[in-house]
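Here's the structure, in structure tokens; my notes come after.
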Amino acid sequence: MTVRGEPANLLQVDALEARHGLLQAVRAVSFSCAPGDVIALVGANGAGKTTLLRAIAGAHPLAAGRVLFDGADVTRLRAPQRVRLGIAMVPEGRRLFGGMSVEENLRVAATYARPGPWGVDSVLAAFPQLRPKLKALAGTLSGGQQQATAIARALMTNPRLLLLDEVSLGLSPIAVDQVYQSLQALLGQGTTIVLVEQDLTRAMHFSRRVLCMLEGGIALQGERDALSRAQIMDAYFGLARAGASAEH
Ligand code: ATP
């Protein structure tokens, strides 16, 4: 889907490589993301999903390759500079300021905000479960409420691209449903999302495209509707034949 006035690709990742010391965590990853796209990034533990997301956000250095955002090369920009351009990441584990209230967590994020529709009132409309908790310390919230706060905090920066790392990790099934309901509502507003999700059923249900990583590389990518669960599982476990990409 292309939104009027936007370039064809909001995000373009070219031959991205990232390391942890000597370990090559991401190798030769290329993909692009159009405005309004919703991409699920799946793969086994250690496949490189978090490192890839962090590299796109500017939180992990690239060893090679580049990241283009809205047509501009942002490879050398640091994370706060990318936030100002509209790239926001919700890290695994949420990383809230536990000793600050929910409202303070939201307002701190606004310091880095670009102009846009999101503010305290609009994020509370998207996450109504946070309204009675505004003055509560973030560290005292349930896991689901903390996750909602973390996503709301990212929205406060008015992102054009939202990177979500394992939003359902450690949450009760009811809390996961609630978080995904709120995310679903964001899609109606055209938010572009790349999301790491371990639950393949949920990933396929939520996304329009699926990217499956294996040992740092992309084993399979394609439109969700063009991929079978069996194909994704094969790629997930490294059973897919080389070149079996369903890229559109
Ligand atoms: P998970 O689902 O377990 O979070 P992932 O697909 O997100 O996995 P990454 O966390 O990106 O994968 O890890 C990719 C590789 O890099 C793995 O081999 C992992 O052990 C290694 N790695 C990740 N973080 C570090 C680190 N801080 N120091 C050293 N190695 C790391």
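Read the numbers this way: they start at 1 and go in the same order the structure lists the ligands and their atoms.
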Check your understanding: Can you list the residues that meet the salt bridge (Lys or Arg N to Asp or Glu O under 4.0 Å) rule with Asp73, with sequence neighbours excluded?
Key -> none
Study note, to complete from the structure: Less than 4.0 Å from some atom of ligand 1, heavy atoms are found in residues His20, Leu23, Ala25, Ala44, Asn45, Gly46, Ala47, Gly48, Lys49, Thr50, Thr51, Glu92, Glu166, Gln198
Practice item. Could you tell me whether a side-chain N or O of Arg82 sits under 3.5 Å from a main-chain N or O of Thr75, the two making a donor and an acceptor? Key: yes
Check your understanding: Could you state the interatomic distance from CG (Leu134) to OG1 (Thr149), rounded to the nearest 0.5 Å?
Key -> 9.0 Å
Practice item. Ignoring hydrogens and angles, tell me if any N or O in the side chain of Asn158 forms a donor-acceptor pair with the backbone of Trp118 under 3.5 Å. Key: yes
Check your understanding: Are the side chain of Arg27 and the backbone N or O of Glu215 linked by a donor-acceptor pair below 3.5 Å?
Key -> yes
Exercise for review: Answer yes or no: is there a side-chain heavy-atom contact under 4.5 Å between Val210 and Leu220?
Suggested key: no
